[in-house]
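Okay, so here's the structure we're looking at.
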Amino acid sequence: MINYEELFSDNIKSMKRSVIRELLKLTQKDGIISFAGGLPSAESFPVSELKEITNEVYEKYGEKALQYGSTEGLPMLLSELIKLMKDSEKITLKEENISITIASQQGLDLVGKIFLNPSDICIVESPTYVGAISAFNSYRGNMVSVELDDEGIKTDILDSTIQKLKRENKKPKFIYVIPDFHNPAGVTMSLKRRKELVEIASKEKIMIVEDSPYRMIRYRGNNIPSILSLDKENLVIALFTFSKIFAPGFRLGWAVGPKEIIDKFIVAKQATDLCTSTFNQYIAALFLNKGLLKKTVERTIKIYKEKNELMLENLEKYMPKNKGVKWTKPDGGLFLWVSLPEKYDSDKMFQKAIEKNVAYVVGSAFYANGEKKNSFRVNFSYPSKDEIVEGVKRLAKVIDEFVK
Ligand SMILES: Cc1ncc(COP(=O)(O)O)c(C=O)c1O
């Protein structure tokens, strides 16, 4: 018998199955109301528009659309994205500043691939996106966590963390942040913090990775400039995706950054998959060209705003009072973050929630260094309105019994 274990690389041995995927299996039990997934609402998908565009792609571009494409991406889509970034972010890009990716998760993998040797340091927020933890772990990066609050990453702690590392002769390669409608925390980084972050990165010569899949899904308040648009020194790699504004099944996104970095992205991507689906890129290019993105985003915002308000209203109504339960009130995106008093462990409460037929994602999944366990993530984009009301009632009961 061959011993497979002897064959596996150190990298794959250091990788674990996603906690979320394992938990999602439990949440598929009959009768469960799941706030655990991170799925967009299927009502937001532009199905009929895509049907027409798909036919048009076959008619106009048939053979080309079925062929391999360049690793950089389809020129037609690149030029649509240059227009989109000009309109939405007020930045002027050239094709050399963009790499089409298989959505943001590939962007995160490529960031890990081009920057991290085993043990290299990168700074992540605490909590942070579980998929980023997996991506950076797969290159055996050393993630140093910096707390966030309602205004995003705490820049004073970020600075003192970098100074402490400096005294140990260590320097992070990059700082990874999710500034808009954070997954999982639901908070948005203030303009002040964004400026301070850019200042620190510039002073210390550290790259910033800005991951912003929810940026266009704002349903309250004013837009805050992206970190990318605040940076004047080519310090930012920004990851964008069509997953939450179009359809995640397309697996399409784009990374923006300095030419030198995008060059390395392309080299790394070439070794991974040669190119992103040409067919999907044609569809996305036509979708943008016809101005359909705006319409789809508007429809999505309307759906999520209603669901967000319904969830907040019901949390207010049913959550036990005087037990120290708090939750964030996001101005956009798909998630909010519920916190119990520090000594309570949301991992331990999970089993009780499943017994009462309601599910969430345990907070520990979102900490690179297992810092905390008292919070958990709740999604409101996917469940129906009836499920939101009934699910919050069940959750409130679980918490009431668990928090003494
Ligand atoms: C912060 C963040 N980054 C990246 C991703 C990956 O998304 P995708 O690969 O679908 O673009 C997600 C998905 O939920 C996310 O929340």
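Counting starts at 1 for both ligands and their atoms, following the listed order. No experiment lies behind these values; they were computed from the predicted model shown. Along the sequence shown, the residues carry numbers beginning at 1.
- Between Phe242 and Trp254, the ring-plane angle classifies as tilted under the 30° and 60° cut-offs.
- Two residues are said to be in side-chain contact when any heavy atoms from C-beta on lie closer than 4.5 Å; Ile178 and Glu125 meet this criterion.
- Looking only at distances, a side-chain donor or acceptor of Lys307 sits under 3.5 Å from a matching main-chain atom of Pro383.
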List, for ligand 1, each N/O atom that has a protein N/O partner under 3.5 Å away, with both atom names and the distance.
| from | atom 1 | to | atom 2 | distance (Å) |
| --- | --- | --- | --- | --- |
| ligand 1 | 3 (N) | Asp211 | OD1 | 3.4 |
| ligand 1 | 3 (N) | Asp211 | OD2 | 2.5 |
| ligand 1 | 9 (O) | Ser104 | N | 3.3 |
| ligand 1 | 9 (O) | Gln105 | N | 2.9 |
| ligand 1 | 9 (O) | Arg251 | NH2 | 2.9 |
| ligand 1 | 10 (O) | Ser243 | OG | 2.6 |
| ligand 1 | 10 (O) | Arg251 | NH1 | 2.9 |
| ligand 1 | 11 (O) | Ser104 | N | 2.8 |
| ligand 1 | 11 (O) | Thr241 | OG1 | 2.7 |
| ligand 1 | 11 (O) | Ser243 | OG | 3.3 |
| ligand 1 | 14 (O) | Tyr214 | OH | 3.2 |
| ligand 1 | 14 (O) | Lys244 | NZ | 3.2 |
| ligand 1 | 16 (O) | Asn183 | ND2 | 2.7 |
| ligand 1 | 16 (O) | Tyr214 | OH | 2.4 |

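- Listed for the Lys154 side chain is no donor-acceptor partner under 3.5 Å among the backbone atoms of Val146.
- Sorted by first and then second residue, the ring-ring contact (aromatic ring centres under 6.0 Å, His included) pairs with a member in residues 142-177 read Phe115-Phe174, Phe136-Phe174, Phe136-Tyr176; sequence neighbours excluded.
- Checked by atom type and distance alone, the side chain of Lys232 pairs as donor or acceptor with a backbone atom of Ser229 at under 3.5 Å.
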